[in-house]
2 protein chains.
Amino acid sequence: MEKDITIYDIARELDLSPTTISRALNDHPAVNKKTKQRISEAAAQMGYRSNLFASNLRRQRTNTIGLIVPRLDSPFHSSVIAGMEKVANEAGYNLIISQSLETLQKEIANANTMFNSRVDGLLVSLSFETETLEHFENFVSKGIPVIFYDRVAEHKECTSIVIDNLQAAYKATSHLIEQGCTNIVHITGNLKRNVYADRLKGFKYALIDHNLPFSEENVIISKMTEEAGTLAAQQILEMDPLPDGIFVSNDTCAVSCLKALKKANISIPRDIAVIGFNNDAISRVVEPNLTTINYPGQEMGEVALRVLLLQLNGSRDNVPSNTINLRSELIIRESSLKSKSNAKKKAVHL
Amino acid sequence: MEKDITIYDIARELDLSPTTISRALNDHPAVNKKTKQRISEAAAQMGYRSNLFASNLRRQRTNTIGLIVPRLDSPFHSSVIAGMEKVANEAGYNLIISQSLETLQKEIANANTMFNSRVDGLLVSLSFETETLEHFENFVSKGIPVIFYDRVAEHKECTSIVIDNLQAAYKATSHLIEQGCTNIVHITGNLKRNVYADRLKGFKYALIDHNLPFSEENVIISKMTEEAGTLAAQQILEMDPLPDGIFVSNDTCAVSCLKALKKANISIPRDIAVIGFNNDAISRVVEPNLTTINYPGQEMGEVALRVLLLQLNGSRDNVPSNTINLRSELIIRESSLKSKSNAKKKAVHL
DNA sequence: TTGTACGCGTTATCAT
DNA sequence: ATGATAACGCGTACAA
């Protein structure tokens with residue numbers, strides 16, 4: 001637990017000034033090559049490590065990016081984070097991560113921590129409860145870029161990164177209709193969140209465009225968890241007549257719903273066709289395999305971070321555009337194929 | 001983008017010294033209650049935020065904990081991290097996270113970044129490739145606590161948090177034997193890692209204790225990914241005779257293997273019984289449902305962080321013990337039940 | 001090409 | 001109960 005070596009120690013050792021040490025270690029051009037060499041050797045030999053805090057304090061930036069996510073233990077968010085970490089790491093940024101656990105209160109607390117930690121930029125996917133973006137105003141007014149991804153909200157100064165949820169839902173619903181479904185249930189999450197509101201819209205528009213009636217009773221709002229899927233299935237089993245198709249806003253919930261329906265001797269897709277959302281691993285395992293929307297989590301994470309880096313390094317108004325749409329696609333599997341003749345898998349690019 | 005408010009600004013405003021401001025904001029006992037009140041009001045009103053870097057620089061600690069994980073997009077690690085974040089957040093610590101992507105090179109780079117970021121403590125789950133712990137010596141010799149979890153290695157100064165992999169594997173294998181299996185294949189990962197080496201031992205000991213032969217040819221070493229499971233299945237299908245049981249070291253791999261076997265018209269569990277490891281969501285979805293070892297990810301994360309906090313706050317030698325074992329259990333589902341008479345689920349606590 | 005001197009914002013120490 | 005001062009380690013404007 002000996003004392004840390006500083007650039008002063010190296011300076012003294014080599015009979016140079018701390019300035020030169022600092023410059024050499026930062027590869028400043030105006031330092032003699034031989035001197036640089038000597039310095040970096042001495043630094044290594046003396047066990048020097050730079051003090052990021054002192055550096056941060058001096059330079060007023062942290063090389064740290066904050067991330068607030070609803071839950072860490074979700075396949076989608078895991079892959080997003082994996083993508084973010086990869087890009088951040090390559091660019092020499094640290095990622096500090098916290099979860100709101102879907103509550104506004106924790107989201108606010110986390111935002112404040114991030115603010116005090118003086119992150120250079122902030123990435124956010126909103127909680128279920130969030131209604132306003134007040135708790136991010138601190139950042140905005142200080143010129144700290146905030147980027148929303150997936151669960152986003154409109155803000156004049158902030159970029160959002162999403163997929164076209166409306167269109168994805170429209171395609172999924174249309175696919176069900178093409179398979180002969182006329183009475184479709186939609187299970188989705190809190191409508192405060194764009195992802196669920198947009199999917200509901202896509203669902204509704206698809207029905208309307210195909211001259212099918214839209215009824216509020218066919219929309220089930222749930223927490224989108226495994227348990228919620230089971231509950232939704234019970235609710236559906238009590239419907240009379242039974243629906244002939246279900247479009248669920250995530251795979252976790254879709255799969256547990258599908259399982260519960262099967263247990264009740266409903267044949268999938270013959271009696272009821274099912275479509276999920278996300279293309280989690282689970283969707284390729286359930287029987288029948290689940291038709292779903294492929295959702296590019298890792299890519300979304302990478303893009304979010306790249307855009308943030310652009311905003312950090314480039315000119316302040318280098319924002320590519322206010323909203324970035326990533327491509328998603330409908331992956332058709334057995335769970336929605338009523339007409340077995342179509343049974344070859346095909347991917348419809350949105 | 002106005003300038004930040006500092007304690008000097010508040011001091012000037014209230015005609016007090018910066019010292020008093022600092023004390024008040026840190027709730028130091030030796031400050032008048034009324035003064036405290038005035039100060040915190042002024043701080044709030046002026047939009048003050050503390051500068052953690054200056055504070056860190058001065059106090060020589062960061063309130064930040066580093067985490068190095070093989071992959072972020074794994075269900076197990078996600079739940080571990082969720083547990084860690086929860087405890088860290090409550091204790092006022094930030095978590096900075098990086099992934100080694102199973103390579104030694106990245107693990108070393110990440111460790112160095114963490115070291116330079118001056119984390120107060122480090123949590124590590126080792127990559128496949130890691131053989132020595134040299135890259136953590138920096139931390140140890142500076143008295144920065146390092147804790148290994150799940151994928152651990154022996155180090156005199158470091159605590160490890162694990163489950164009893166040997167015993168878990170022993171129970172799983174014994175269960176297969178009790179179901180009548182006599183020719184069991186074991187699919188596992190890189191034997192440099194304790195988790196895989198110990199599971200192999202447990203597998204081997206169970207065979208021996210039940211007077212069954214152990215053969216190297218029945219051990220498949222793989223990357224334990226989804227693809228690896230499919231490949232392993234192919235390899236198994238070429239065995240003659242076919243095995244009658246498979247014990248796989250994780251669920252992802254077990255499930256893809258199981259799926260490939262089913263596709264080849266192998267009946268599970270009748271022809272071949274299968275057991276996985278981890279109790280991922282996927283294990284409850286595959287048909288037949290997968291027998292597996294329940295692995296307390298979230299809890300492991302929480303425990304790891306609590307132990308670290310103890311070492312950070314408590315006396316330097318407050319280490320509860322060098323290795324902490326968490327309980328795991330065998331969860332018996334259909335994939336291993338050859339004798340349908342036993343078909344009620346039962347949990348065997350290890 | 002190298003050096004001097006100061007400031008970043010906080011907290012510890014010592015004094016009052 | 002409050003204040004003056006120095007120090008944490010680095011980067012940079014300015015000087016040489």
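Each chain gets a letter, A, B and so on, in the order the sequences are listed, and its residues count up from 1.
An OP1 or OP2 oxygen of C/dT11 is reached within less than 4.0 angstrom by a side-chain nitrogen or oxygen of B/Ser22. Regarding contacts with the backbone of C/dG9, a side-chain N or O of A/Gln60 is found under 4.0 angstrom from either OP1 or OP2.
Remark: C1' of C/dG9 and CZ of B/Arg58 are 11 Å apart, rounded to the nearest angstrom. For A/Leu57 and D/dC8, the CG to C1' distance is 9 Å, given to the nearest whole Å. In this structure, CG of A/Asn51 is placed 13 Å from C1' of C/dC8, rounded to the nearest angstrom. Rounded to whole Å, the distance from CZ on A/Arg118 to P on C/dT10 is 7 Å. Atom CZ of A/Arg12 is separated from atom P of C/dT4 by 14 Å (rounded to the nearest Å). Between A/Ile21 atom CD1 and C/dT4 atom C1' there is a gap of 15 Å when expressed in whole angstrom units. Going from atom CD1 of B/Ile10 over to atom P of C/dT11 covers 11 Å, rounded to whole Å. Rounded to an integer number of Å, the gap from CG of A/Asn56 to P of D/dG11 is 10 Å.
In this structure the side chain of B/Val119 never reaches within 4.5 angstrom of the side chain of B/Ile65, judged on heavy atoms. With contacts defined as side-chain heavy-atom distances shorter than 4.5 Å, the pair B/Leu308/B/Met84 does not qualify.
Residue A/Gln105 places its CD atom among 12 or fewer non-hydrogen atoms of other residues, nucleotides or ligands, all under 6.0 Å distant.
Heavy atoms only, all atoms of each residue included: A/Ile5 and A/Met46 are closest at CG1-O, 3.2 Å. Heavy atoms only, all atoms of each residue included: A/Ser117 and B/Asn94 are closest at OG-ND2, 3.0 Å. Listed here is the closest heavy atom pair of A/Ala153 and A/Leu126: CB-CD1, 3.7 Å.
Comparing C/dA5, C/dT11, D/dG11 against the side chain of B/Ile7 picks out C/dT11 as the nearest. Of the listed nucleotides (D/dA13, C/dT10, D/dC10), D/dA13 has the atom at the smallest distance from the side chain of A/Thr19. Picking from C/dG9, C/dA12, D/dC10 the nucleotide with the shortest atom distance to the side chain of A/Tyr8 gives D/dC10.
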Open item on the list: Go through it in stages, so that I can follow the logic: the residues are B/Phe139 and B/Met114, the test is side chain to side chain contact (heavy atoms under 4.5 Å, CB included), and I'd like the CA-CA distance, side-chain angles, deciding distance and then a yes or no.
Closed with: CA-CA 10 Å; B/Phe139 294 86; B/Met114 298 290 180; 4.0 Å; yes
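When the nearest nucleotides of DNA chain D are assigned to A/Ser50 and B/Ser17 by heavy-atom distance, the more 5′-ward of the two goes with B/Ser17.
Pairs passing the ring-ring contact (aromatic ring centres under 6.0 Å, His included) check and including a residue from residues 44-72 of chain A, sequence neighbours excluded, do not occur.
In this structure, B/Ser55 reaches the sugar-phosphate backbone alone: every heavy-atom distance under 4.0 Å involves primed, P, OP1 or OP2 atoms, never a base. Residue contacts shown for B/Leu52 are absent, as no nucleic acid heavy atom lies under 4.0 Å away.
Direction change of the helix axis from one end of the helix from C/dT1-D/dA16 to C/dT16-D/dA1 to the other is 30°, with five pairs defining each end axis (rounded to 10°).
A/Arg71 and A/Glu102 are not joined by a salt bridge, as no carboxylate oxygen comes within less than 4.0 angstrom of a charged side-chain nitrogen. We find that A/Lys192 and A/Glu129 are not joined by a salt bridge, their nearest charged nitrogen and carboxylate oxygen being 4.0 Å or further apart.
Near-neighbour residues of DNA chain C inside residues 23-44 of chain A, defined by a heavy atom below 4.0 Å, number-ordered: A/Arg23, A/Ala30, A/Val31, A/Asn32, A/Thr35.
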